[in-house]
*Asks:* 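Structure in structure tokens, see below.
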Amino acid sequence: MEKYSAEQIRNQVLCHFAVEGELLEAPSYGSGHINDTYAPRLRLSDGREIRYILQRINTGIFQDPKGLMENIAGVTSYLKGILAANGGDPLRETLTLIPTKDDQPFYQAPDGSCWRMYLFVEDTISYDLVEKPEDFYISAKAFGRFQMLLAGYPAATLHETILNFHNTVSRFENLKKAIAADPLGRAKEVQPEIEFALARETDTHVLVDLQAKGEIPLRVTHNDTKLNNVLIDPSNGRVCVIDLDTVMPGLAHYDFGDSIRFGASTALEDEQDLSKVSMDLNLFDIYTKGFLEEAGAVLSPLEKELLPMGAKLMTYECGIRFLTDYLEGDTYFRTHRPGQNLDRTRTQFKLVADMEAKWDAMAAIIKKYA
Ligand code: ADP
Ligand code: GN1
Ligand code: MG
């Protein structure tokens with residue numbers, strides 16, 4: 001997506017939102033792979049400055065922006081109600097949408113681009129790698145609580161913003177199609193990765209089939225629980241769960257698993273030196289403890305027993321998504337250098353292999369907290 005200058009942001013986008021003040025700057029912001037994020041800073045007439053998060057929604061990926069924004073407006077106002085009733089801070093512990101001048105949750109420009117705006121939650125940190133285990137524990141509680149709080153949300157009103165988002169069987173089919181089409185002739189360079197992926201086809205059915213048979217339930221889940229999708233206030237440990245684009249019915253394993261995939265890794269998602277990449281059992285333990293302290297009461301024994309499978313499958317799924325995107329020419333995930341999606345694929349598969357080696361230890365940790 002084309003980058004907007006501060007002037008374009010001011011004249012083409014910001015002027016349509018219900019905000020006041022003079023725009024001082026509008027830099028790109030954050031390390032998300034999907035939306036285009038800016039952090040405009042404005043000076044108010046009394047001299048105070050205020051920052052917002054302004055995002056151009058990736059409508060190539062989210063094809064129903066209206067439904068998506070309905071989800072976010074509904075979920076954030078629901079969470080604000082709970083926070084207000086329980087002594088929380090509704091302006092800092094969930095996202096706050098800034099409406100457009102005609103009171104809509106997003107602005108659609110004449111060129112079709114869709115924009116939304118949030119209050120910037122100041123004085124928080126979002127990590128791409130765990131620095132202190134305590135922060136990972138805080139994020140585990142945050143995502144566990146998020147799932148619990150949304151247990152009472154009317155799931156039927158949610159739009160499915162990406163179909164089959166965590167359907168590992170359909171993700172596997174997409175990979176096979178990309179291998180067969182091989183539009184850039186890249187398949188020959190990545191035979192070991194392709195073999196690794198294809199060898200695990202049986203696994204792709206485990207959670208999907210149990211859900212289809214009704215043995216594990218659909219819940220309202222976040223579905224993109226990587227560590228940088230939670231903002232932590234270091235002064236008091238309070239959190240704000242962000243990136244709500246994929247909140248929709250899913251399995252508890254998706255949220256648990258995606259957090260482990262990203263946060264329990266000892267290296268960045270695109271690390272090129274694979275000797276640095278492993279799944280840290282101590283971080284797995286810490287996350288399991290925090291997540292089950294919040295969500296454990298409602299999960300069935302079978303759901304709990306399957307949590308390691310959730311971790312492995314979310315990591316495997318992410319690996320095959322990166323590999324598919326690499327084969328298709330890097331059209332889905334934002335990349336900053338050639339080969340980045342292949343590097344991402346390799347870290348995920350290294351983590352999968354490491355989880356397979358640590359399987360019994362993972363199961364024992366789940367047992368300890370279940
Ligand atoms: P993407 O889907 O591209 O990952 P996100 O919604 O996660 O987009 O936003 C990208 C980054 O912007 C986040 O990782 C976070 O660092 C930052 N961010 C998003 N919303 C806020 C907010 N309301 N306040 C402060 N920072 C935010
Ligand atoms: C994307 O939006 P972001 O950067 O938080 C992706 C996730 C992947 C993740 C891998 C909508 O997350 O599913 O797990 O990249 N989000 C979408 O880092 O596809
Ligand atoms: Mg994000």
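Start at 1 and go down the list; that is how both ligands and their atoms are numbered.
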*Asks:* With atoms numbered from 1 as shown, which atoms in ligand 1 lie under 4.0 angstrom from a non-hydrogen atom of Leu231?
*Replies:* 22 (C), 24 (N), 25 (C), 26 (N)
*Asks:* Below 3.5 angstrom, do we get any N/O pair linking Asp243 and ligand 1?
*Replies:* yes
*Asks:* Decide whether the shortest distance between a heavy atom of Leu119 and an atom of ligand 1 is less than 4.0 Å.
*Replies:* yes
*Asks:* Decide whether Leu54 and Ile242 are clustered together by the hydrophobic rule: side chain heavy atoms of Ile, Leu, Val, Met, Phe, Trp, Tyr closer than 4.5 Å, transitively.
*Replies:* no
*Asks:* When you look for heavy atoms under 4.0 Å from ligand 1, do you find them on the side chain of Asn58, its backbone, both, or neither?
*Replies:* neither
*Asks:* Does Asn223 use its side chain to pair, donor to acceptor, with the backbone of Thr246 at less than 3.5 Å?
*Replies:* yes
*Asks:* Would you call Arg92-Asp233 a salt bridge at under 4.0 Å N-O?
*Replies:* yes
*Asks:* Would you say Arg261 touches ligand 2, if touching means a heavy atom closer than 4.0 Å?
*Replies:* yes
*Asks:* First locate atom CG of Leu207, then atom CD of Glu303, and finally report the distance between them rounded to the nearest 0.5 Å.
*Replies:* 10.0 Å
*Asks:* Under 4.0 Å from a heavy atom of Gly32: which atoms of ligand 2 are those, numbered in the order shown and with their elements?
*Replies:* 4 (O)
*Asks:* For atom 1 (C) of ligand 2, which candidate among Asp325, Asn223, Ile34 holds the nearest heavy atom?
*Replies:* Ile34
*Asks:* Applying a heavy-atom cut-off of 4.0 Å, say which part of Asn229 lies close to ligand 1: side chain, backbone, both or neither.
*Replies:* side chain
*Asks:* For atom 9 (C) of ligand 2, find the nearest protein heavy atom and state the residue, atom name and distance (0.1 Å precision).
*Replies:* Lys226 NZ, 3.6 Å
*Asks:* Run the numbers for me: atoms of ligand 1, each under 4.0 Å from some heavy atom of Thr37, listed by number.
*Replies:* 9 (O), 10 (C), 12 (O)
*Asks:* Please work out which of the three classes, parallel, tilted or perpendicular, describes the rings of Phe349 and Tyr316, given edges at 30° and 60°.
*Replies:* parallel
*Asks:* Does Phe165 come within less than 4.0 angstrom of ligand 2, counting non-hydrogen atoms of the residue?
*Replies:* yes
*Asks:* Does Gln55 come within less than 4.0 angstrom of ligand 1, counting non-hydrogen atoms of the residue?
*Replies:* yes
*Asks:* Tell me whether Ser31 has any N or O atom under 3.5 angstrom from an N or O of ligand 2.
*Replies:* no
*Asks:* Going by distance only, is there an N or O of Ile34 that falls short of 3.5 Å from an N or O of ligand 1?
*Replies:* yes
*Asks:* May I have the step-by-step check of ring-ring contact (aromatic ring centres under 6.0 Å, His included) for Phe120 and Tyr29, ending in yes or no?
*Replies:* CA-CA 11 Å; Phe120 193 108; Tyr29 193 82; 5.3 Å; yes
*Asks:* Do His253 side-chain atoms and Met309 backbone N/O form a donor-acceptor pair below 3.5 Å?
*Replies:* no
*Asks:* Counting heavy atoms only, which part of Tyr254 comes closer than 4.0 Å to ligand 2: side chain, backbone, both or neither?
*Replies:* neither
*Asks:* Would you mind listing which atoms of ligand 1 come within a distance below 4.0 Å of any non-hydrogen atom of Ser126?
*Replies:* 16 (O)
*Asks:* List ligand 2 atoms under 4.0 Å from Asn229, heavy atoms only on the residue side.
*Replies:* 5 (O)
*Asks:* Has Asp243 got an N, O or S atom lying less than 2.8 Å from the Mg ion (ligand 3)?
*Replies:* yes
*Asks:* Is ligand 1 under 4.0 Å from a heavy atom in the side chain of Asn35, in the backbone, in both, or in neither?
*Replies:* both
*Asks:* Would you give the length of the straight line joining atom CZ of Phe262 to atom SG of Cys318, rounded to the nearest 0.5 angstrom?
*Replies:* 9.5 Å
*Asks:* Working to the nearest 0.5 Å, report the span between CZ of Phe196 and CZ of Arg346.
*Replies:* 13.0 Å
*Asks:* Between Thr335 and Asp330, is any side-chain donor less than 3.5 angstrom from a side-chain acceptor?
*Replies:* no
*Asks:* With respect to the Mg ion (ligand 3), please indicate if Asn229 possesses an N, O or S atom at a distance under 2.8 Å.
*Replies:* yes
*Asks:* For Phe62, counting its heavy atoms only, list the atoms of ligand 2 lying under 4.0 Å from any of them.
*Replies:* 11 (C)
*Asks:* Quick one: pull up CG in Asp255 and NE2 in His166 and give me the separation to the nearest 0.5 Å.
*Replies:* 7.5 Å
*Asks:* Can you tell me if Arg321 has a non-hydrogen atom under 4.0 Å from ligand 2?
*Replies:* yes
*Asks:* On a heavy-atom basis, which atom in Thr59 and which in Pro65 lie closest, and how many Å separate them?
*Replies:* CG2-CG, 4.0 Å
*Asks:* Using heavy atoms and a threshold below 4.0 Å, how should the contact between Asp224 and ligand 1 be classified: side chain, backbone, both, or neither?
*Replies:* neither
*Asks:* Determine, stepwise, if the pair Thr288 / Lys368 fulfils side chain to side chain donor-acceptor pair (under 3.5 Å).
*Replies:* CA-CA 10 Å; Thr288 303; Lys368 181 166 76 170; over 6 Å; no
*Asks:* Give yes if a backbone or side-chain nitrogen or oxygen of Asp243 is under 3.5 Å from a nitrogen or oxygen of ligand 2, and no if not.
*Replies:* yes
*Asks:* Closest non-hydrogen protein atom to atom 24 (N) of ligand 1, residue and atom name please, with distance?
*Replies:* Val121 N, 2.9 Å
*Asks:* Can you check whether Phe291 and Phe136 have ring centres sitting under 6.0 Å from each other?
*Replies:* no
*Asks:* Give the residue, atom name and distance (to 0.1 Å) of the protein heavy atom nearest atom 19 (O) of ligand 2.
*Replies:* Tyr332 OH, 2.5 Å
*Asks:* Can you tell me the protein heavy atom closest to atom 15 (C) of ligand 1 and the distance?
*Replies:* Ile242 CD1, 3.6 Å
*Asks:* Looking only at protein heavy atoms, which one is nearest to atom 3 (P) of ligand 2, and what is the separation?
*Replies:* Asp224 OD2, 3.4 Å
*Asks:* Taking distance alone, with no angle check, do Thr246 and ligand 2 share an N/O pair under 3.5 Å?
*Replies:* no
*Asks:* Parallel, tilted or perpendicular: which describes the rings of Tyr38 and Trp115, with under 30° parallel and over 60° perpendicular?
*Replies:* tilted
*Asks:* Give the minimum heavy-atom separation between Phe143 and Thr225, together with the two atoms involved.
*Replies:* CE1-O, 3.3 Å
*Asks:* Under 3.5 Å, is there a donor-acceptor pair between the side chain of Lys350 and the main chain of Met279?
*Replies:* no
*Asks:* Nearest heavy-atom pair of Thr157 and Tyr153: which atoms, and what distance?
*Replies:* OG1-CE2, 3.7 Å
*Asks:* Quick one: which ligand 1 atoms are inside 4.0 Å of a heavy atom on Leu95?
*Replies:* 23 (N)
*Asks:* Among all the protein's non-hydrogen atoms, which is closest to atom 15 (O) of ligand 2, and how far away is it?
*Replies:* His33 CD2, 3.3 Å
